[in-house]
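Below is one structure, written out as structure tokens; comments come after it.
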Amino acid sequence: MGDAGALMVGLLMATSAIAVTGQIDPALVQGRSQILPAFIPIILPFAILLMPLLDFGLAVLRRVLNGRSPFSADRKHLHHRLLDMGHSHLGAVLIFYSWTAVVSLGCLMFLAFPWQISVGIVAVGFLICAVLTALPVSKRLFMSLRVLIRERYRPKIRRGKS
């Protein structure tokens, strides 16, 4: 993505955050702190960009700790790790979307619901996303365990002299 694409993404995120904030019903947040709705234009873009920012931060940290330049290339980004786990390209992108949706909607749910319900729904969303993320590894682990049990309890055929 070049400068034009990055500027377009920034413009779209800023306008969408302002548009969403302008559509919040004051009666919905009445009786709650008025501070949280004021910070939605700041919180929501960070929540949406959590996965790319997390990937960027982990990449820089990993490279610097290994004594390499933060600008050097490697195949240890989150997307590559999901591909190495056994996900398809589409599956990896959908997993990123699901994590982003859980975090973003979780931020917005604190406006409309009591915090106990919001935390519960976000926890269920995190659990579902974690299961979807680990699904290929758990399939391989289950298949390996099945083969191991089959080999362990297979009747031994003795080959004696006849």
Side-chain angles (χ1 to χ4, degrees), residues 1-66 70-71 73-143 145:
M1 179 181 328
D3 287 339
L7 291 173
M8 177 61 85
V9 168
L11 175 69
L12 290 175
M13 286 184 58
T15 55
S16 65
I18 291 169
V20 167
T21 305
Q23 294 176 356
I24 293 175
D25 185 16
L28 182 70
V29 294
Q30 195 170 22
R32 298 174 188 250
S33 171
Q34 295 296 321
I35 295 174
L36 187 60
F39 282 111
I40 285 191
I42 298 168
I43 295 171
L44 192 58
F46 281 113
I48 292 170
L49 287 174
L50 179 69
M51 292 303 290
L53 290 173
L54 180 69
D55 187 32
F56 170 73
L58 289 173
V60 169
L61 185 67
R62 177 181 60 247
R63 292 170 186 164
V64 168
L65 289 177
N66 287 333
F71 304 108
D74 62 7
R75 258 191 68 82
K76 294 185 179 179
H77 286 281
L78 296 175
H79 179 262
H80 294 125
R81 290 180 185 214
L82 287 174
L83 293 178
D84 292 342
M85 286 173 65
H87 291 285
S88 65
H89 286 282
L90 177 63
V93 170
L94 290 177
I95 286 172
F96 282 137
Y97 283 164
S98 65
W99 280 106
T100 301
V102 168
V103 171
S104 302
L105 293 175
C107 288
L108 293 176
M109 285 181 60
F110 284 97
L111 287 174
F113 299 106
W115 71 270
Q116 298 92 342
I117 294 173
S118 300
V119 167
I121 292 174
V122 169
V124 169
F126 271 60
L127 183 65
I128 291 170
C129 287
V131 167
L132 290 175
T133 302
L135 199 58
V137 174
S138 58
K139 277 184 186 176
R140 284 192 311 238
L141 188 63
F142 176 73
M143 296 303 283
L145 186 63

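When a residue number appears, it is its place in the shown sequence, counting from 1.
Using a 4.5 Å cut-off on side-chain heavy atoms (C-beta onward), Leu82 and Ile95 make contact. Counting only heavy atoms from C-beta outward, the side chains of His79 and Phe96 approach each other to under 4.5 Å. Counting only heavy atoms from C-beta outward, the side chains of Asp84 and Arg75 approach each other to under 4.5 Å. Residues Leu50 and Trp99 have side chains not in contact (no heavy-atom distance under 4.5 Å, counting atoms from C-beta outward).
Atom-to-atom distance recorded for Leu108:CG and Phe113:CZ is 11.0 Å, nearest 0.5 angstrom. Of the inter-residue distances, the one linking Met51 atom CE with Ser98 atom OG reads 8.0 Å to the nearest 0.5 angstrom. Rounded to the nearest 0.5 Å, atoms CG (Asn66) and CG (Asp74) are 9.0 Å apart. One distance of note links CZ of Arg63 with CG of Leu61; it measures 11.5 Å at 0.5 Å rounding. Distance check, rounded to the nearest 0.5 Å: OG1 of Thr100 to CG of Leu105 gives 10.0 Å. Atom-to-atom distance recorded for Phe46:CZ and Ile48:CD1 is 11.5 Å, nearest 0.5 angstrom.
In terms of modelled atom types and a separation under 3.5 Å, the side chain of Ser138 and the main chain of Leu135 share a donor-acceptor contact. Between the Asp55 side chain and the His77 main chain, no donor and acceptor come within less than 3.5 Å of each other. A distance-only check finds a donor-acceptor pair linking the side chain of His87 to the backbone of Thr133 [under 3.5 Å]. Within the 3.5 Å criterion, the main-chain N or O of Met109 finds a donor-acceptor partner in the side chain of Ser118. Judged by distance alone, with hydrogens and angles left aside, the side-chain atoms of Arg62 form no donor-acceptor pair with the main-chain N or O of Pro70 at under 3.5 Å.
Closest approach of Val102 and Val122 over heavy atoms only: CG1-O, 4.0 Å. A pairwise comparison of heavy atoms in His89 and Leu83 identifies CE1-CD1, 3.3 Å as the closest pair. For the residue pair Ile43 and Cys107, the shortest heavy atom distance occurs at CG2-SG, 3.9 Å.
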